[in-house]
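All residue numbers refer to positions in the sequence shown, counting from 1. Only heavy atoms go into these numbers, but all of them, side chains included; no hydrogens, no water, no symmetry mates.
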Amino acid sequence: VQLQASGGGLVQAGGSLRLSCAASGRTFSSYAVGWFRQAPGKEREFVAVINWGGGSTYYADSVKGRFTISRDNAKNTVYLQMNSLKPEDTAVYYCAADTRYYGSSRGSYDYWGQGTLVTVSS
């Protein structure tokens with residue numbers, strides 16, 4: 001599967017953005033999809049994940065209650081709705097997918113998109 005992340009941009013603190021992760025391939029519904037982010041000088045960290053059918057989600061504590069992950073398998077797309085953005089949310093956001101893994105370990109995902117930059121100004 002090939003992944004294409006989009007939707008990043010510049011937003012003021014307190015604002016919202018919605019990221020999209022569009023996937024190629026006929027079996028997208030077989031993949032769990034996670035979002036990760038990497039700020040300058042920091043390691044890539046887990047943000048959120050959604051399971052194959054969309055019935056289960058899991059979030060990092062730092063975004064819980066502010067971010068919502070969802071998927072539309074008919075459109076082969078996973079979304080990350082980000083509300084109440086903070087300057088510390090500034091990072092390049094990546095989506096990742098795997099058919100066998102559902103979790104927060106970045107090393108367990110086989111497929112990655114190219115990343116989209118989110119900048120939150122104070």
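- Checked against Y31 for a side chain to side chain contact (heavy atoms under 4.5 Å, CB included), the options Y109, Y101, Y111 give a single hit: Y111.
- T119 places no side-chain N or O within 3.5 Å of a backbone atom of L10 that could act as its donor or acceptor partner.
- The number of heavy-atom neighbours closer than 6.0 Å to CD of Q114, taken from other residues, nucleotides and ligands shown, is above 12.
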Worked check of ring pair (Phe, Tyr, Trp, His ring centres under 6.0 Å) between Y102 and Y58: CA-CA 9 Å; Y102 166 73; Y58 177 66; 7.5 Å; no

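- Interatomic distance, SG of C95 versus CD1 of I50, reported as 12.5 Å (0.5 Å rounding).
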Criterion ring pair (Phe, Tyr, Trp, His ring centres under 6.0 Å) on F46 and F36, from CA distance to verdict: CA-CA 4 Å; F46 168 75; F36 292 77; 5.8 Å; yes

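- Not counting sequence neighbours, the partners of Y93 by the side-chain hydrogen bond (donor to acceptor under 3.5 Å, both in side chains) test are R37.
- Judged by distance alone, the side chain of D110 and the main-chain N or O of D98 form no donor-acceptor pair under 3.5 Å.
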Salt bridge (Lys or Arg N to Asp or Glu O under 4.0 Å) between E43 and R106, worked out: CA-CA 10 Å; E43 291 189 351; R106 67 179 185 267; 3.7 Å; yes

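- Evaluated for a side chain to side chain contact (heavy atoms under 4.5 Å, CB included) with V118, the options L19, V92, D89 yield exactly one hit, L19.
- Between atom OG of residue S121 and atom CD of residue Q12 there is a gap of 5.0 Å, rounded to the nearest 0.5 Å.
- A distance-only check finds a donor-acceptor pair linking the side chain of N51 to the backbone of G54 [under 3.5 Å].
- R44 forms a cation-pi arrangement with W112, by the criterion of a distance under 6.0 Å to the ring centre and an angle within 45° of the ring axis.
- Not one N or O on the side chain of T77 forms a donor-acceptor pair closer than 3.5 Å with the backbone of A22.
- With respect to D61 and K64, a salt bridge is recorded, a charged nitrogen being found less than 4.0 Å from a carboxylate O.
- Q81 pairs by the side-chain hydrogen bond (donor to acceptor under 3.5 Å, both in side chains) definition with N83, not counting sequence neighbours.
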